[in-house]
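Notes for the one structure printed next.
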Amino acid sequence: AAGVIQSPRHLIKEKRETATLKCYPIPRHDTVYWYQQGPGQDPQFLISFYEKMQSDKGSIPDRFSAQQFSDYHSELNMSSLELGDSALYFCASSTGLPKDEQYFGPGTRLTVT
Amino acid sequence: DAKTTQPPSMDCAEGRAANLPCNHSTISGNEYVYWYRQIHSQGPQYIIHGLKNNETNEMASLIITEDRKSSTLILPHATLRDTAVYYCIVRANTGGGNKLTFGTGTQLKV
């Protein structure tokens with residue numbers, strides 16, 4: 001079965017650079033979520049999109065922005081990168097109600113040096 | 001979303017049933033109990049969820065107490081591949097996207 005695809009899988013950037021992470025949801029899933037997991041921490045919700053509109057926002061820095069495109073893929077844009085942005089970034093997709101099971105991608109490991 | 005409490009770690013012998021408890025005493029009537037697990041650095045994986053009735057699927061069983069203030073995830077025959085952090089998450093299901101709020105979870109070692 002098709003799964004959530006994230007690219008790139010690994011990314012190394014320097015401080016103050018920008019990064020773009022991409023997420024391709026499972027076909028026919030209309031909702032996309034982004035989560036950040038720092039070293040030794042639990043995943044934290046960043047932002048979500050439903051039918052290409054932002055549906056919820058968590059503790060996402062103002063330096064980050066995201067959008068969902070007409071083909072339902074999503075991109076997380078991160079600017080002015082800081083050392084503390086080094087983390088695993090997971091994308092998840094779901095079909096929404098009634099079950100709303102979220103299926104996670106393999107993650108993008110971002111390292112900021 | 002209601003807060004949950006889980007033991008930080010548990011051990012289970014291979015082939016035995018793993019019973020992972022979760023307390024959610026402030027759960028509201030419209031909130032579901034979800035279980036996810038995360039095998040080291042992989043994306044979290046959906047296991048099961050329920051509202052008030054017990055649920056079973058190919059991975060696990062979910063037992064919810066009658067007052068809904070606690071639940072138990074049961075892995076009937078644990079294997080080494082079940083070693084992971086297990087998260088119990090309580091959440092309402094409203095339209096347009098429902099985020100998951102991960103707590104500290106239970107590290108299960110098989």
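Convention: sequence-line order gives letters A, B, ...; per-chain numbering from 1.
The 12-atom threshold is not exceeded at CZ of B:Arg16, counting heavy atoms of other residues, nucleotides or ligands nearer than 6.0 Å. No more than 12 heavy atoms of other residues, nucleotides or ligands lie within 6.0 Å of CG in A:Asp62, so this atom counts as exposed by the packing criterion. For A:Lys13, the NZ atom sits in a packed shell: over 12 heavy atoms of surrounding residues, nucleotides or ligands are nearer than 6.0 Å. Heavy-atom contacts from other residues, nucleotides or ligands closer than 6.0 Å to CG of B:Leu51 number more than 12.
The hydrophobic cluster containing B:Ile64 also contains B:Trp35, counting ILVMFWY residues as joined when their side-chain heavy atoms lie under 4.5 angstrom apart, directly or transitively. Hydrophobic clustering, with ILVMFWY side chains joined whenever heavy atoms are under 4.5 angstrom apart, keeps A:Tyr33 apart from A:Ile5. Hydrophobic clustering keeps A:Tyr50 apart from A:Val4 (ILVMFWY residues linked when any side-chain heavy atoms are closer than 4.5 Å, directly or through intermediates). Note on B:Val110 and B:Met10: same hydrophobic cluster, where clusters join Ile, Leu, Val, Met, Phe, Trp and Tyr whose side-chain heavy atoms are under 4.5 Å apart, directly or indirectly.
Neither the backbone nor the side chain of B:Tyr32 comes within contact range of chain A; no heavy atom of the residue lies under 4.5 Å from a heavy atom of that chain.
Ring geometry, A:Tyr103 versus B:Tyr46: the interplanar angle falls from 30° to 60°, so the pair is classed tilted.
A donor-acceptor contact under 3.5 angstrom links the side chains of B:Tyr87 and A:Asp42, judged on distance only.
Atom CG in B:Asn98 sits 8.5 Å away from atom OG in A:Ser55 (nearest 0.5 Å). Distance CD/B:Gln45 to CZ/A:Phe104: 11.0 Å, rounded to 0.5 Å.
Taking every heavy atom of both residues into account, B:Gln42 and A:Phe90 meet most closely at O-CZ, 3.5 Å. Contact detail for A:Gln102 and B:Tyr36: the closest heavy-atom pair is N-OH, 2.9 Å.
When side chains are defined from C-beta on, B:Phe102 counts as touching A:Tyr35, because their heavy atoms get closer than 4.5 Å. Using a 4.5 Å cut-off on side-chain heavy atoms (C-beta onward), A:Arg109 and B:Ser41 make contact.
Checking side-chain atoms of A:Glu101 against main-chain N and O of B:Ile47 turns up no donor-acceptor pair under 3.5 Å.
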- Message: Please evaluate residues B:Gln38 and A:Gln37 with respect to the criterion side-chain contact (heavy atoms from CB on, under 4.5 Å), reporting the C-alpha separation (whole Å), side-chain torsions for both, the decisive distance (0.1 Å), and the verdict.
- Response: CA-CA 12 Å; B:Gln38 185 176 29; A:Gln37 185 172 26; 2.8 Å; yes
